[in-house]
2 protein chains.
Amino acid sequence: MTVLANAAAILRCFSSECAELTVTDVALRLDMPKANASRLMKAMREAGLLETIGAGKRHRPGRLLLDISAAFRHSSPLILMGAEAVARVSAACGHTGYVSVLTGREVTAVTDAPGSNTLRVVSNLGRRLPAHATSTGRALLARQSDAEVRRLYPTGLPAGPANGPRSLDDLLERLRRIRAEGFALAHEEATAGVDAVAVAVGDPATGEAVALCVVFPAAVVGPAERQAILRGLLGGAAEIAARTGDAVPGPARQDERKLA
Amino acid sequence: MTVLANAAAILRCFSSECAELTVTDVALRLDMPKANASRLMKAMREAGLLETIGAGKRHRPGRLLLDISAAFRHSSPLILMGAEAVARVSAACGHTGYVSVLTGREVTAVTDAPGSNTLRVVSNLGRRLPAHATSTGRALLARQSDAEVRRLYPTGLPAGPANGPRSLDDLLERLRRIRAEGFALAHEEATAGVDAVAVAVGDPATGEAVALCVVFPAAVVGPAERQAILRGLLGGAAEIAARTGDAVPGPARQDERKLA
DNA sequence: CCCGTCGTTCCATTATGTGCAACTGGGATT
DNA sequence: AATCCCAGTTGCACATAATGGAACGACGGG
């Protein structure tokens, strides 16, 4: 299935950073013969996997793929419920919220709820981030055992942002705390000036898990508001957990769930 | 490129309504040999185009596609600006908003801003709807000439909802009004109890156009609020049009842009 | 325990995609 | 206006790579 592999490779060239590509761009990046790239992309256009921008020679992912990413969201009731819960919290506090999933050592946002505040974090759907260096990633990693996490990082932790975990042991220590408290925090990690709160919830039936997360400017959000956001996320997660039969980590009593 | 065509056909089997498929499902739907479907789907899994749910045999679109649909959104500054504008209006009024694009006779929502009201229209990203029977579709069709629209419907209009246009001439009449007024309305068309306001804006440089749209429960939103929504959408569209150099249809003076 | 269903694997056939190189067409340069 | 140059497309012979029929494991239910 070389054509499929090549087609996927072409699709991989697209990302949030690089949204338009020409035939030679692709041929260069994948160092494949121009002829090949040309024919493949033509076929992909005809299949709806790619489309040209205007009438020019620049390409972008096709409409078909858009339809399908919607199917992905609908494929999992967990994601839908998560989106619903995050939307409620986001509407209440005005900050941007996400639902994210973990794949190996990376997290991806699958749904967003753009905030309504003038100063808010711009949403960045579909960008992969290192799990260990984000609140969503750690919230999801905390659902795994220490042994499983160690197995994910056989060569230790890659270098991360200043406030992120500095070593595998540091990470495991943070995960223990997340398991005990039931939520994850990030203070100016992936993005300067941005703090985040995340809560994970899963579906034992499918083995899936998602993280609900709200991000906000670190400087302008005080303890009371943070506590409100946390309460909203925990409440949403608890509702979902009740429906799926998931075990919620952390203190059983809501009032013990406080930010440090 | 038969494998590509087949792969695309498999992807097309997924939709908002049908989010999970097994090998035999696919083999049946596309009546292709089971062997073929099995191998193809295996290859697609390895390429990241598909993934199994949990450890089972049900498949859904892969993570890769999710990343890419993000790229699609970023590919067009027009879509980004539209999303921004709709998010503002949506946050202000609490109703759900969309950015949609037109392909032939169908419109697809590419971005959504879920509303914050308890009673709101649930967003339905990525589902294709007939252009003539939606406010977004008509707003976009109105950017084309009567001749072009006629060419789109050589055999007349397909049957639509009760409040939708009943004939091609009816549609053209509505489009004329949209061109004159600068916005499109739908009253309980695609969905019972739901009204919608849509405004189209384009980028002459690329030939693209998007529709900004807000949907709301027909019964509980009064004239004043509708007017406010309309003003918000028109304002957003005007800002975008100013940046792209697009011509905004309808009365030049804002205060003439009123709902009937 | 056996059967039905579902997915995967085997194998020969042939279609299919590959790579090289020549061709075209559109824009800039002078 | 003539020319160059680069991006993209096409022809052709060769060999890889996908096809489909049927047989084989693997579950799960009756």
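Just so we're clear, the structure is a prediction, and the values are computed from it rather than from any experiment. Convention: sequence-line order gives letters A, B, ...; per-chain numbering from 1.
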**Item:** Backbone N/O of A/G202 and side chain of A/D246: donor-acceptor pair under 3.5 Å
**Value:** yes
**Message:** What contact category does B/S38 fall into here, base, sugar-phosphate, or nothing, at under 4.0 angstrom with non-hydrogen atoms?
**Reply:** base
**Prompt:** Closest heavy-atom contact between B/L141 and B/R179?
**Reply:** O-NH2, 4.3 Å
**Fill in**
By nearest-nucleotide position on DNA chain C, the 5'-leaning member of A/K57 and A/L40 is A/L40
**Request:** Please report the shortest heavy-atom distance between B/V23 and B/M41, naming the atom on each side.
**Result:** CA-SD, 3.8 Å
**Request:** Name the closest nucleotide to the A/K34 side chain, picking from D/dG20, D/dT10, D/dA7.
**Result:** D/dA7
**Item:** Atom pair distance, as rounded to whole Å: NZ in B/K42 and C1' in D/dT19
**Value:** 16 Å
**Prompt:** Which nucleotide of DNA chain C is the first, and which the last, in the 5' to 3' direction, to come under 4.0 Å of a heavy atom belonging to chain B?
**Reply:** C/dC6 to C/dG17
**Asked** Under 6.0 Å from the six-membered ring centre of B/F14 and within 45° of its axis: does the NZ or CZ of B/R60 meet both?
**Response** no
**Message:** Using heavy-atom distances to pick each residue's nearest nucleotide on DNA chain C, tell me which of A/M32 and B/D25 is more 5'.
**Reply:** B/D25
**Request:** Could you tell me whether the side chain of B/R128 and the main chain of B/V107 form a donor-acceptor pair under 3.5 Å?
**Result:** no
**Asked** Taking A/D25 for the side chain and A/T22 for the main chain, is one N or O donor matched with an acceptor at less than 3.5 Å?
**Response** yes
Please produce a list of atom pairs where a protein N or O lies less than 3.5 Å from an N or O of nucleotides 16-18 of chain D.
{"residue": "D/dA18", "atom": "OP1", "partner": "A/M1", "partner atom": "N", "Å": "2.8"}
{"residue": "D/dA18", "atom": "OP1", "partner": "A/T2", "partner atom": "N", "Å": "2.7"}
{"residue": "D/dA18", "atom": "OP2", "partner": "A/M1", "partner atom": "N", "Å": "2.4"}

**Message:** Strictly distance-based, threshold 3.5 Å: is any side-chain N or O of A/R138 a donor or acceptor partner for the main-chain N or O of A/F183?
**Reply:** no
**Message:** Could you check whether any side-chain N or O of B/S100 sits under 3.5 Å from a backbone N or O of B/G137, counting only pairs where one atom can act as donor and the other as acceptor?
**Reply:** no
**Item:** A/R58 side-chain N/O to D/dG8 phosphate OP1/OP2 under 4.0 Å
**Value:** no
